[in-house]
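What follows is a short report on a single structure.
This is a predicted model, so every value here is computed, not measured.
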Amino acid sequence: MPTKSSTQRDQRYARKMAAGVITMCVLSGGFVGIALRGPTYDAEQIAAGRVLFTHEFTVDDPLCGDGDGLGPVFNATSCVACHFQGGVGGAGDNSGNVTTFEVDPDRERREVATHVVHQSATRKEFKESTRTVRRLFRPIPGGVRVIGGCSIRLQDHNPVHFDVVHSPALFGVGLIDEIRDSAISLHSVKRLGRRTADNFRGKFDHNSTGFARSPQGQRLGRFGWKGQFASLSDFVAAACAMELGLSNRQHRQPIPREHNPDPLARPDMTDRQLDDLIAFVATLPRPRQVVPDDHAMAKRVEVGQRLFDQAKCNDCHVEQLGDIDGLYSDFMLYSLEDRRMSGGGYGGTVEVELEFERPGTVPLPEHWQTPPLWGVADSAPYFHDGASPTLSAAIDRHHGAAGHSRKLYRSMQAFEKEMLIDFLRSLRAPRLPSS
């Protein structure tokens with residue numbers, strides 16, 4: 001179980017985020033929301049975007065005009081190198097995992113710094129590593145107060161948090177981009193209401209509620225493992241700059257080892273190229289449920305979905321948001337960590353206070369957004385870090401906010417667990433043409 005102090009920390013953060021979402025919804029006219037109309041793309045634009053998605057970029061690439069092409073730091077040489085399972089645009093395997101980091105505020109910088117440790121560079125002196133990051137962001141002397149009982153002591157604070165992230169599938173992201181904020185917020189409000197009603201009836205056996213993120217005060221975040229991108233265009237543009245080193249109108253390539261955008265970098269992509277790439281990604285087909293033709297297997301899938309619901313997996317993996325069905329996500333952020341098992345926290349009633357609190361608009365390092373489960377059968381391995389090789393292992397890793405579902409899953413008979421997994425295996429990536 002999480003420690004008392006870490007649980008209180010989660011609750012304080014959730015309240016801050018919830019207040020921000022409610023304020024945003026009130027300012028935009030309650031939960032009415034704004035209907036999002038996806039742009040239309042012609043076949044020529046989509047085809048041009050597919051060429052860019054599958055193209056292997058090089059230094060001074062001919063497709064990059066006056067820019068410097070690939071790099072100078074990068075994680076892959078093409079989009080498809082990290083998005084290929086089940087077809088072009090699918091999830092990646094662990095070979096494409098990326099190390100990211102966040103840096104807590106300090107005495108000179110009051111915001112949270114977030115960036116990527118790039119695996120490759122065009123020149124040896126540009127090479128990045130976790131060591132170069134630590135040299136850039138040093139420990140803060142006396143930067144944390146540890147409060148236990150009647151004693152208070154100061155200790156140095158290492159502000160850097162490293163994580164490994166996995167490449168998600170991109171199928172159906174154009175539809176995700178069109179989901180109204182009101183649909184996401186309304187589900188959260190309804191779920192909170194049900195939980196409150198249960199509490200009044202003396203029922204406390206449910207999963208914790210999550211919170212939405214609104215990056216830079218925009219729409220609610222729905223892309224990226226931290227919900228850090230509110231729109232598909234921003235997600236694609238940032239991926240081009242950060243993963244390939246391709247500067248564009250929305251994001252500049254990073255300065256090697258400085259982990260900041262290069263304001264002097266010439267664009268590697270024209271506006272038309274970026275629009276074409278966004279068009280291709282936005283029109284990737286949505287995943288579908290594929291129910292076996294065999295009657296007995298189809299029945300197992302049907303029963304498995306009921307067991308999925310009975311285990312309260314649908315608290316967070318919501319089948320439908322707005323007009324989009326078969327999605328299985330609420331786009332909320334949760335902590336699924338068990339800090340006692342992971343070694344985090346200080347135990348007992350000890351509290352830890354940072355000298356400078358993180359802004360309320362930025363999730364804590366342990367918070368991750370609920371990934372959509374559509375197409376999950378073709379997107380192994382699982383979790384944000386790709387450390388769960390099977391669906392069963394991923395379910396068993398649900399601690400923290402989803403601990404109740406994990407408990408219910410573990411209490412099932414072996415044959416019931418197998419049927420629940422059969423249901424998840426019916427959520428397939430779309431069938432794409434071979435060419």
Assign the ring pair [X] / [Y] to parallel, tilted or perpendicular, where the plane angle (0 to 90°) is split at 30° and 60°.
{"X": "H118", "Y": "H115", "answer": "perpendicular"}
{"X": "F280", "Y": "F53", "answer": "tilted"}
{"X": "H317", "Y": "F308", "answer": "tilted"}

Under 3.5 Å, is there a donor-acceptor pair linking the side chains of [X] and [Y]?
{"X": "Q85", "Y": "S379", "answer": "no"}
{"X": "E56", "Y": "S78", "answer": "no"}
{"X": "D315", "Y": "H404", "answer": "no"}

Before accepting this row, confirm whether a basic side-chain N of the pair [X]/[Y] lies closer than 4.0 Å to the acidic partner's carboxylate O.
{"X": "D68", "Y": "R266", "result": "no"}
{"X": "D378", "Y": "R428", "result": "yes"}
{"X": "D106", "Y": "R109", "result": "yes"}
{"X": "D325", "Y": "R286", "result": "yes"}

Side-chain heavy-atom pair H187, M332 within 4.5 angstrom cut-off: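 Not in contact.
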
Side-chain heavy-atom pair S392, K417 within 4.5 angstrom cut-off: no

What about [X] and [Y], are their ring centers closer than 6.0 Å?
{"X": "H251", "Y": "F235", "result": "no"}
{"X": "H398", "Y": "Y409", "result": "no"}
{"X": "F229", "Y": "F223", "result": "no"}

Shortest non-hydrogen separation from P365 to R358 and the atoms involved: CD-CZ, 3.8 Å

Neighbour count above 12 (heavy atom, 6.0 Å) for E125 CD: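 Buried by this count: over 12 neighbours within 6.0 Å.
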
Neighbour count >12 (heavy atoms, 6.0 Å) for atom NZ, K312: no

P72 and its side chain to side chain contact (heavy atoms under 4.5 Å, CB included) partner, picked from T122, D262, V59: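 That would be T122; it is the only one of T122, D262, V59 passing the side chain to side chain contact (heavy atoms under 4.5 Å, CB included) with P72.
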
